[in-house]
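Let me begin by presenting the structure, written as structure tokens, before commenting on it.
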Amino acid sequence: MTKDEAVAKLEQIATLLDLRGENPFKSRAYRTAARALESLSEDFESVVREGKLDQVKGIGEGIRAKLQELVATGRLTYLEELERSFPAGVVALLEIPGLGPKKVKILWEQLGIRDLEELEAACRSHRVGKLSGFGSKTEENILAGIEQRRSYAAYHRYGDVIGLAEHLVEQLRAHPDVVRVSMAGSFRRGKEIVRDLDLVCSSAKPAAVMAAFISSSGVQRVVNHGETKSSVILEGGLACDLRVVPDEDYPYALLHFTGSKEHNIALRQRAIAQGKKLSEWGLFREARSRFSAGSEDTASERESEGERIRCRDEAEIYAKLGLAYIPPELRENLGEVEAAERNEIPRLVEWTDLRGTFHCHTTASDGHSTLKAMAEAAQESGLEYLGIADHSKSSFQANGLDEERVALQQEEIRKRNKEFRGFRLLSGTECDILRDGRLDFSDSVLASFDYVVASVHAGFSTSEEEMTRRIIRAMENPYVTMLGHPTGRLLLMRKPYPVNLEKIIDCAAETGTWIELNAQPLRLDLDWRWWHAAREKGVRCVINPDAHHVRELGFVRIGVNIARKGWLRREDVINTLPLKLVEKALRKKRGGGG
DNA sequence: GCCGTTTTCGGCCCGACTGTTTTCAGTCG
């Protein structure tokens with residue numbers, strides 16, 4: 001029984017207690033206990049076994065007994081009882097926006113609704129609107145919520161599939177008959193949302209590789225199984241295709257299946273203009289030249305396509321087309337072919353360029369790891385500095401810090417900094433941008449931080465003009481270092497709030513305010529589509545993990561993918577700077593002007 | 001269910017918004 005599993009069980013209990021309509025403070029107690037357990041730095045099982053749980057604030061007699069049962073037997077009878085009182089589908093109803101425990105309880109008790117399908121039917125037959133507390137507007141909203149969920153079901157967030165994708169590649173790479181293997185498709189291009197995974201590999205024994213692939217762990221169902229192409233459904237409903245080709249075909253296949261379609265079309269047009277032809281099978285000279293040297297290879301079997309130009313890898317294909325190599329992230333036909341022709345493909349930022357990061361939370365607000373643990377994890381991963389930016393006081397829901405607690409945290413940071421060598425904690429805040437664009441702290445308090453992340457967390461339902469004005473007002477405050485998650489979107493869950501990003505980017509350029517690339521996989525905000533233009537205007541990017549747990553510090557790696565997709569170079573990303581230069585940049589920002 | 005102390009039960013995080021209602025409950029951040 002790991003700590004994380006125990007935490008999950010406590011949270012399940014809290015949710016089920018809510019559904020049962022128990023005293024809300026009781027379910028909160030379970031959530032508090034889960035948080036307390038999370039920030040436990042000692043080994044969970046030994047703490048329970050040695051009876052040290054009673055020293056943990058937030059875990060009392062009742063929950064302690066349940067954790068002891070869990071560690072001793074691996075079971076939790078209280079949770080099992082609770083689970084018996086609701087069908088599994090009822091819990092899933094909570095994921096519909098606007099439905100909380102009270103409403104779900106009514107739907108289950110009064111209409112016997114057990115899952116989303118039954119809920120949809122009940123809304124369509126207007127049985128829901130007749131319930132007390134419900135109405136026609138609620139029915140509409142529920143139906144819209146179900147519809148949204150359904151349309152999202154075919155899509156997956158990059159961060160949710162990266163583990164599976166890497167696992168599949170590793171499995172294939174370990175196979176003795178596999179020569180080369182790579183992810184292809186939108187995943188390889190680093191798209192924030194993917195529909196499926198595409199794998200390309202080369203082998204002289206495709207049948208053996210295919211057999212291994214369809215039986216690999218993580219495969220739930222085989223849709224198609226052939227010699228060169230197989231399709232499977234992975235756990236979690238993600239579709240995955242594998243293509244196996246002879247090794248000499250590999251570069252062309254990889255290029256083709258990486259796409260994008262638009263990029264491929266641009267490359268083909270270019271090939272045609274040069275008297276060549278490009279397809280997934282190769283790059284060919286026109287048929288009339290097929291008697292020239294080197295025509296004995298497999299291309300001679302496809303005489304109508306002419307002689308294949310041999311390329312050992314993708315870079316050679318680009319070179320034969322008179323182009324510089326184009327990294328997969330840029331292959332969207334958004335100017336990369338033209339840039340490659342002029343040899344102006346930027347040298348994109350790499351995740352190993354990052355020297356530090358800002359915008360991390362701790363247990364002081366809504367984070368699940370302590371300041372100490374975050375600092376240790378950052379040092380272990382080789383960072384030179386880590387910025388702590390817990391929530392400000394208006395974010396009650398996130399246990400935001402008031403001025404007094406800010407002072408305490410700053411004191412702790414000062415103390416810890418005296419102990420570090422070659423590493424520094426920076427004291428920051430994720431300060432709420434209030435409804436009128438004022439900030440949640442006075443200027444004198446803001447001045448006490450090393451830096452300020454200004455973010456919108458409430459009041460999303462406003463006009464674009466109002467929201468834009470609000471954010472610009474905040475950015476004009478000289479103490480605001482950077483704008484946090486500029487659109488507030490949650491991928492596949494919540495649309496961005498309305499905001500005029502052109503004006504925000506212009507304002508960032510004028511005031512020298514950095515814009516965050518929030519690397520939390522749910523956000524990836526600001527979107528990569530805006531970065532190229534922002535860079536051209538001189539806006540600096542800062543890649544932040546928005547980490548609420550030590551293991552989330554690694555999110556910056558996904559953020560770097562997105563930055564690359566946005567054409568950003570190392571010099572465009574502030575946190576590639578070493579500590580000394582970052583400190584200088586922070587002072588310069590304070591000094592006014594960019 | 002936990003905590004604190006006011007030693008045995010009362011308080012536990014706040015405010016805005018929506019849709020329902022006709023004065024407020026539920027949800028969300």
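All heavy atoms count here, side chains included; hydrogens, waters and symmetry mates do not. Throughout, protein chains are lettered first and strands after them, A, B, ... in sequence-line order, and every chain is numbered starting at 1. Predicted model, so just to flag it, every value in this text is computed and none were measured.
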Atom pair distance, as rounded to whole Å: NZ in A:Lys102 and P in B:dT20
17 Å

A:Arg435 side-chain N/O to B:dC17 phosphate OP1/OP2 under 4.0 Å:
yes

State which of B:dT18, B:dG26, B:dG19 makes the closest approach to the side chain of A:Asn141.
B:dG19

Between atom CD in A:Gln397 and atom C1' in B:dG29, what is the gap in whole Å?
4 Å

So A:Arg28, base contact, sugar-phosphate only, or nothing? Heavy-atom distance under 4.0 Å.
base

Between B:dT18 and B:dT23, how far is it from one C1' atom to the other, in whole Å?
15 Å

Considering only B:dT27, B:dG19, B:dG1, which nucleotide approaches the side chain of A:Tyr78 most closely?
B:dG1

Atom-pair distance (CE on A:Met493; C1' on B:dT27), nearest Å:
14 Å

Less than 4.0 angstrom between a side-chain N/O of A:Lys103 and OP1 or OP2 of B:dG26, yes or no?
no

Give the rounded distance in Å between these two atoms: CD1 of A:Ile106 and C1' of B:dA25.
10 Å

Closest to the A:Phe396 side chain, choosing from B:dC13, B:dT27, B:dC3
B:dC13

Counting distance alone, no hydrogens or angles: does the base of B:dG1 have a donor or acceptor under 3.5 Å from a partner atom on the side chain of A:Asn23?
yes

Verify the contact: side-chain N or O of A:Ser27 to OP1 or OP2 of B:dG1, cut-off strictly under 4.0 Å; return yes or no.
no

Tell me whether the guanidinium CZ or amine NZ of A:Arg355 lies under 6.0 angstrom from the six-membered ring centre of A:Tyr385 and within 45° of its axis.
no

Heavy atoms from C-beta onward define the side chain here; which of B:dC2, B:dT20, B:dG29 lies closest to that of A:Ile63?
B:dC2

Taking B:dT20 as the reference, what is the distance to B:dG26 when you measure between their C1' atoms (whole Å, please)?
10 Å

Give one of base, sugar-phosphate or nothing for A:Arg31, where a contact means two heavy atoms less than 4.0 Å apart.
nothing

Pick base, sugar-phosphate or nothing for A:Leu17, based on heavy-atom distances below 4.0 Å to the nucleic acid.
nothing

Side chains of A:Asp390 and A:Thr362, donor plus acceptor under 3.5 Å:
yes

May I ask you to say what A:Thr462 touches in the nucleic acid, namely base, sugar-phosphate or nothing, with a heavy-atom cut-off under 4.0 Å?
nothing

Any side-chain donor-acceptor pair under 3.5 Å between A:Gln409 and A:Ser427?
no

How far does the C1' atom of B:dT5 sit from the matching atom of B:dG10, given to the nearest Å?
11 Å

Could you give the distance separating B:dG15 and B:dC9 at their C1' atoms, to the nearest angstrom?
29 Å

Identify, between A:Ser136 and A:Pro97, the residue whose nearest nucleotide on DNA chain B lies closer to the 5' end.
A:Ser136

If every non-hydrogen atom of A:Leu93 is compared with every non-hydrogen atom of A:Asp115, which pair is closest and at what distance?
CD2-C, 3.7 Å

Between B:dG1, B:dG29, B:dC17, which nucleotide gets closest to the side-chain atoms of A:Tyr30?
B:dG1

Tell me which nucleotide among B:dG1, B:dT27, B:dG19 gets nearest to the side chain of A:Phe25.
B:dG1

Got a sec? Which of residues 115-127 of chain A come in under 4.0 Å of DNA chain B, heavy atoms?
none

Quick test of your reading of the model: are A:Arg523 and A:Glu516 salt-bridged, counting only N-O distances below 4.0 Å?
no

Given the P atoms of B:dA16 and B:dG11, what is the spacing between them in whole Å?
24 Å

Rounded distance (Å) that lies between atom C1' of B:dT20 and atom CZ of A:Phe134
11 Å

Where the side chain of A:Ser461 is concerned, which of B:dG19, B:dG29, B:dC17 is the nearest nucleotide?
B:dC17

Between B:dC13 and B:dC17, how many Å separate the two P atoms, rounded to a whole number?
23 Å

Step-by-step side-chain hydrogen bond (donor to acceptor under 3.5 Å, both in side chains) determination, A:Thr468 to A:Asn500:
CA-CA 6 Å; A:Thr468 306; A:Asn500 185 326; 5.5 Å; no

Could you identify the nucleotide paired to B:dA25, looking across every strand shown and requiring Watson-Crick or G-U wobble geometry with both distances under 3.5 Å?
B:dT18

Taking B:dG1 as the reference, what is the distance to B:dT8 when you measure between their C1' atoms (whole Å, please)?
15 Å

Do the side-chain N or O atoms of A:Lys66 get closer than 4.0 angstrom to the phosphate oxygens (OP1, OP2) of B:dG1?
yes

Would you kindly give the CG-to-P distance between A:Leu131 and B:dA25, to the nearest whole Å?
18 Å

Touch class at under 4.0 angstrom, heavy-atom based, for A:Lys105 against every strand present
nothing

Please determine if a side-chain N or O atom of A:Arg494 lies less than 4.0 Å away from the OP1 or OP2 oxygen of B:dG29.
yes

Which part of the nucleic acid, if any, lies within contact of A:Pro24, taking any heavy atom under 4.0 Å across all strands shown: a base, the sugar-phosphate backbone alone, or nothing?
nothing

Please examine the side chains of A:Thr2 and A:Phe44, heavy atoms only from C-beta on, and report whether any two atoms are closer than 4.5 Å.
no

In terms of ring plane angle, is the pair A:His485 and A:His359 parallel, tilted or perpendicular, where the classes change at 30° and 60°?
tilted

Which whole-number value in Å describes the distance from A:Leu53 CG to B:dC2 P?
11 Å

Check the distance between B:dG1's C1' and A:Leu82's CG and give it to me in whole angstrom.
13 Å

Side chain of A:Lys57 only, please: which of B:dC3, B:dG29, B:dG19 is the nearest?
B:dC3

Using the six-membered ring wherever Trp is involved, compare the ring planes of A:His548 and A:His361 and label them parallel, tilted or perpendicular (cut-offs 30° and 60°).
parallel

For A:Ser46 and A:Asp43, test the side chains for any donor-to-acceptor distance below 3.5 angstrom and give the result as yes or no.
yes

